[in-house]
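Everything quoted here is computed from the prediction, not taken from an experiment.
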Amino acid sequence: MSDDFIPATQRADGTWRKARRVKPGYVPPEEVKAYESAGKKFVRRREDAGIVGMTKKSNTSKPKTAQKNERQTAKMIMQKVLAERGAEGNNTSSSSKKKKKNKKKLQGEEKKEKEEEVKDVDPQVEAQKRARKIKKKLKQIDTLQGKLDSGEKTLEDLDEDQKVKLTLRKSLEEELAALNLS
């Protein structure tokens with residue numbers, strides 16, 4: 001029976017480890033390959049194979065956000081160049097201005113059509129919707145006021161929106177009363 005030895009080694013602090021006797025075929029734990037299940041092996045092989053007929057891309061491509069930022073900066077530069085040309089009196093910018101005006105007109109017409117559709121709605125239904133919205137806001141104001149009264153929150157803890165909401169209580173109650181009367 002032949003025994004193998006792991007020779008003595010020096011540690012980082014300068015001290016020495018003893019030589020160790022090991023059995024033949026011994027593999028140190030740090031050199032033992034980690035267990036890989038059959039499922040992991042299958043997935044790894046499938047990923048390595050890729051999609052049939054598709055060439056592999058190199059990992060040198062930029063992330064989507066970086067590509068998007070580059071497109072945006074290029075677009076901004078083009079807009080600046082066009083604006084400078086427009087200042088010089090170039091006709092290309094005037095045609096783009098006309099296109100923008102036409103687009104705004106179309107958007108305005110679409111808004112008018114939507115407003116006309118809204119006007120066709122029953123005013124009683126609209127009043128009920130508005131009343132529900134006001135009641136919801138009043139309920140939020142009540143819970144906020146309750147927290148202030150109990151000492152759970154102080155005025156300093158509140159956001160600007162919350163402070164404004166507290167000041168709107170009277171006007172909301174008046175609006176709700178007006179809706180209920182009509």
Side-chain angles (χ1 to χ4, degrees), residues 39-40 42-44 46-47 50-182:
K40 283 188 178 181
F42 174 75
V43 169
R44 186 172 40 83
R46 191 176 67 198
E47 286 174 352
I51 299 172
V52 176
M54 183 176 170
T55 58
K56 286 190 176 184
K57 290 184 179 179
S58 63
N59 288 340
T60 59
S61 65
K62 297 178 182 175
K64 286 184 180 180
T65 53
Q67 293 173 355
K68 182 180 178 183
N69 290 341
E70 285 181 358
R71 285 193 304 267
Q72 287 177 346
T73 53
K75 187 176 181 180
M76 289 173 53
I77 291 170
M78 286 300 293
Q79 288 175 349
K80 287 180 182 178
V81 169
L82 290 175
E84 290 173 2
R85 286 184 183 173
E88 294 171 4
N90 196 345
N91 292 334
T92 57
S93 63
S94 62
S95 64
S96 65
K97 287 180 185 177
K98 289 179 184 176
K99 288 179 183 177
K100 287 181 184 177
K101 284 183 182 179
N102 290 337
K103 189 174 183 181
K104 286 183 182 179
K105 285 182 185 177
L106 289 174
Q107 289 175 348
E109 291 173 5
E110 290 174 0
K111 285 182 183 177
K112 287 179 184 176
E113 290 173 4
K114 288 180 182 177
E115 288 173 4
E116 290 173 5
E117 290 174 7
V118 171
K119 288 179 185 175
D120 295 339
V121 177
D122 186 23
Q124 231 178 2
V125 173
E126 290 297 317
Q128 290 173 348
K129 286 182 181 179
R130 181 70 185 146
R132 278 196 303 263
K133 287 181 182 179
I134 293 172
K135 287 178 183 176
K136 181 180 178 183
K137 286 182 182 180
L138 287 172
K139 186 176 180 182
Q140 291 172 344
I141 291 171
D142 288 339
T143 57
L144 195 59
Q145 190 65 43
K147 287 181 181 179
L148 285 173
D149 293 342
S150 69
E152 189 177 331
K153 284 194 173 192
T154 61
L155 281 174
E156 292 81 29
D157 295 338
L158 299 179
D159 296 337
E160 290 299 319
D161 295 335
Q162 291 173 328
K163 290 178 183 176
V164 169
K165 195 180 280 189
L166 285 172
T167 59
L168 293 176
R169 182 185 187 106
K170 268 191 179 177
S171 62
L172 289 173
E173 288 173 342
E174 291 171 359
E175 189 177 347
L176 184 61
L179 286 173
N180 288 338
L181 291 177
S182 57

Measuring from atom [atom1] of [X] to atom [atom2] of [Y], what distance do you get when rounded to the nearest 0.5 angstrom?
X    : Y    : atom1 : atom2 : answer
K64  : R71  : NZ    : CZ    : 10.0 Å
Q67  : E70  : CD    : CD    : 7.5 Å
D142 : K147 : CG    : NZ    : 12.5 Å
L176 : K133 : CG    : NZ    : 14.0 Å
E174 : I134 : CD    : CD1   : 11.0 Å
K165 : D159 : NZ    : CG    : 10.0 Å

Search all heavy atoms of [X] against all heavy atoms of [Y] and return the closest pair with its distance.
X    : Y    : result
L172 : I141 : CD1-CD1, 3.9 Å
K163 : L155 : CE-O, 3.1 Å
R130 : L179 : CG-CD1, 3.6 Å

Would the distance check show the side chain of D157 and the main-chain N or O of T154 forming a donor-acceptor pair, the cut-off being under 3.5 Å?
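Side chain of D157 to backbone of T154, a donor-acceptor pair under 3.5 Å: yes, one is there.
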
When you measure from the side chain of E173 to the backbone N and O of K170, does any donor-acceptor pair fall under 3.5 Å?
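Not confirmed, E173 side chain does not pair with K170 backbone.
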
Identify all side-chain donor-acceptor contacts of residues 74-82 below 3.5 Å with residues at least two apart in sequence or on another chain.
none

Test log, rule side-chain contact (heavy atoms from CB on, under 4.5 Å), inputs N69 and Q72
CA-CA 5 Å; N69 290 341; Q72 287 177 346; 3.9 Å; yes

Taking only residues two or more places apart in sequence or in another chain, which ones pass side chain to side chain donor-acceptor pair (under 3.5 Å) with E160?
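Side chain to side chain donor-acceptor pair (under 3.5 Å) check on E160 returns nothing, list empty.
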
Could you check if a side-chain atom of L144 sits within less than 4.5 angstrom of a side-chain atom of Q140, using non-hydrogen atoms only?
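No, side chains not in contact.
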
